[in-house]
Protein chains: 4
Amino acid sequence: MAQKHALHLDPKVRQEARSRLLSAKGHLEGILRMLEGEPYCVDVLKQLKAVQGALDKVGEMILRSHLEHHVASAALRGDTQRMVEELMEVLKYR
Amino acid sequence: MAQKHALHLDPKVRQEARSRLLSAKGHLEGILRMLEGEPYCVDVLKQLKAVQGALDKVGEMILRSHLEHHVASAALRGDTQRMVEELMEVLKYR
Amino acid sequence: MAQKHALHLDPKVRQEARSRLLSAKGHLEGILRMLEGEPYCVDVLKQLKAVQGALDKVGEMILRSHLEHHVASAALRGDTQRMVEELMEVLKYR
Amino acid sequence: MAQKHALHLDPKVRQEARSRLLSAKGHLEGILRMLEGEPYCVDVLKQLKAVQGALDKVGEMILRSHLEHHVASAALRGDTQRMVEELMEVLKYR
């Protein structure tokens, strides 16, 4: 557990993720405003897809950083089994 | 065009979508707070997945309503081609 | 039920789907041959992805045809509820 | 390059993958037979989804084995950058 918490998200990736999530949040607020009016279904679906795409991008950045900084060194630390299990769990429903 | 904008999202679905998106926005704000600290990558990925799942749910509700109220009656209105094209576009990258 | 079976897949789409699935089957046989040797994991994953992409394409063609020929006329036939339910079921895990 | 080809797919996973792909191939042949008749679109879509699910399962097995046997030891071998790049490429369109 202590070991796990030492595996922090890379600060540069964290900043980039924050900035992208702030923008996704703004986009989501835009959809909420649309829903106060009488939007056309497909217009809402398009906006939702754009937000999902932005969240996918953030997930991809964090995944890449995790593979590089934590999974690739699992054999060195001796926690391969746990790293693989939790990663498969997170990738499962992508 | 005028016809298109008459095809509004069903008000009941719209309310439910708003309520779910407000909750997703709260969840997203929680992830933003996580990113002010030093989170573990996989914990962030899990939370992102939860938000994605919530947005999927909203998309699913709106899609169902659109199929039921608008696509199923396309032949009656005579706009089948356009309804199908725009729907395929939106489903494409799901 | 009888009504349901009258909603056949468009013959032209059916031919195109067959031809694409035959090609996907050939591709799958190629992967099976790879697996008789000692392939590199990522090479197998790439080939699997190509087959999945081909199957996605076939699914997309059939979905488009179904929307156009069957779902868009559901209100005319009076089977909207069933058409929407079964479509949502099929789209669910895409 | 020589090093890369030393990273073979685990033999046990390879056998299991072959067996599952043979079954998926049989399923695909069943869909091809359906398409010689006059199937209902949604029935074909359901069968396609089942095959896709089977291929997903195989991909998941191979991915897990790759993470465990090859990615987790990348830092030991010194090929982290390449392992991560090729893995991200393969995960990209999942």
Side-chain angles (χ1 to χ4, degrees), chain C residues 4-11 13-22 24-25 27-29 31-49 51-53 55-56 58-67 69-71 82-83 86-87 89-94, chain D residues 4-11 13-19 21-22 24-25 27-29 31-53 55-56 58-67 69-71 82-83 86-87 89-94:
Chain C
K4 172 178 171 179
H5 291 294
L7 299 174
H8 299 311
L9 177 55
D10 180 74
V13 174
R14 186 159 57 87
Q15 281 318 310
E16 176 75 7
R18 278 200 80 221
S19 147
R20 284 173 183 268
L21 287 186
L22 270 171
K25 186 191 149 193
H27 205 147
L28 203 53
E29 288 164 343
I31 304 180
L32 281 161
R33 280 190 300 275
M34 278 178 86
L35 290 173
E36 289 169 18
E38 295 190 311
Y40 177 48
C41 309
V42 174
D43 293 336
V44 185
L45 289 174
K46 277 181 192 165
Q47 297 308 314
L48 274 175
K49 239 176 67 160
V51 174
Q52 299 261 37
L55 298 186
D56 281 340
V58 174
E60 203 181 300
M61 287 173 44
I62 296 177
L63 174 61
R64 177 189 291 269
S65 175
H66 181 56
L67 287 169
H69 296 113
H70 306 148
V71 182
R82 201 197 53 204
M83 297 302 276
E86 66 181 23
L87 190 52
E89 192 58 34
V90 143
L91 290 173
K92 211 174 188 172
Y93 316 96
R94 259 163 70 99
Chain D
K4 170 176 170 179
H5 292 295
L7 300 174
H8 298 311
L9 176 56
D10 179 75
V13 174
R14 187 160 56 87
Q15 282 317 310
E16 174 76 6
R18 278 201 80 220
S19 149
L21 287 186
L22 271 171
K25 185 190 149 193
H27 204 147
L28 203 53
E29 288 165 343
I31 304 181
L32 280 161
R33 280 191 299 275
M34 278 178 84
L35 291 173
E36 289 168 17
E38 294 190 313
Y40 177 48
C41 309
V42 174
D43 293 335
V44 184
L45 290 174
K46 278 180 193 165
Q47 297 308 314
L48 274 175
K49 240 176 65 163
V51 174
Q52 300 261 36
L55 299 185
D56 281 340
V58 174
E60 205 180 299
M61 286 174 44
I62 297 177
L63 174 61
R64 176 188 292 268
S65 174
H66 181 56
L67 288 168
H69 296 113
H70 306 146
V71 182
R82 202 198 53 202
M83 296 302 275
E86 66 182 23
L87 190 52
E89 192 57 35
V90 144
L91 290 173
K92 211 175 187 170
Y93 317 96
R94 261 165 66 101

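Every chain is numbered from 1, with letters handed out A, B, ... down the list of sequences. What you are looking at is a predicted structure, and each value in this text was computed from that prediction instead of being measured.
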Asker: Among Val13(C), Val58(C), Leu22(C), which has the most heavy-atom pairs under 4.5 Å with chain D?
Answerer: Leu22(C)
Asker: What option among Lys25(C), Glu36(C), Gln52(C) has the most heavy-atom pairs under 4.5 Å with chain D?
Answerer: Gln52(C)
Asker: Taking all heavy atoms of Gly37(C) and all of Arg14(D), pick out the closest pair and write down the distance.
Answerer: O-NH1, 2.9 Å
Asker: For chain D, find which of His70(C), His69(C), His66(C) contributes the most heavy-atom pairs closer than 4.5 angstrom.
Answerer: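 Top count of heavy-atom pairs under 4.5 Å with chain D: His66(C).
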Asker: Please look at Val44(C) and chain D and tell me whether the side chain, the backbone, both or neither of the residue comes under 4.5 angstrom of a heavy atom of that chain.
Answerer: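 Contact with chain D: side chain only.
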Asker: With a 4.5 Å cut-off on heavy-atom pairs, point out which of Leu32(C), Leu48(C), Leu87(C) contacts chain D the most.
Answerer: Leu32(C)
Asker: To the nearest 0.5 Å, what is the distance between CD (Glu86(D)) and CG (Asp43(C))?
Answerer: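 Interatomic distance, Glu86(D) CD to Asp43(C) CG, rounded to 0.5 Å: 8.0 Å.
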Asker: Let me know if Leu28(C) has heavy atoms under 4.5 Å from chain D in its side chain, its backbone, both or neither.
Answerer: side chain
Asker: Rounded to the nearest 0.5 Å, what separation is found between the CE atom of Met34(D) and the CG atom of Leu9(C)?
Answerer: 9.0 Å
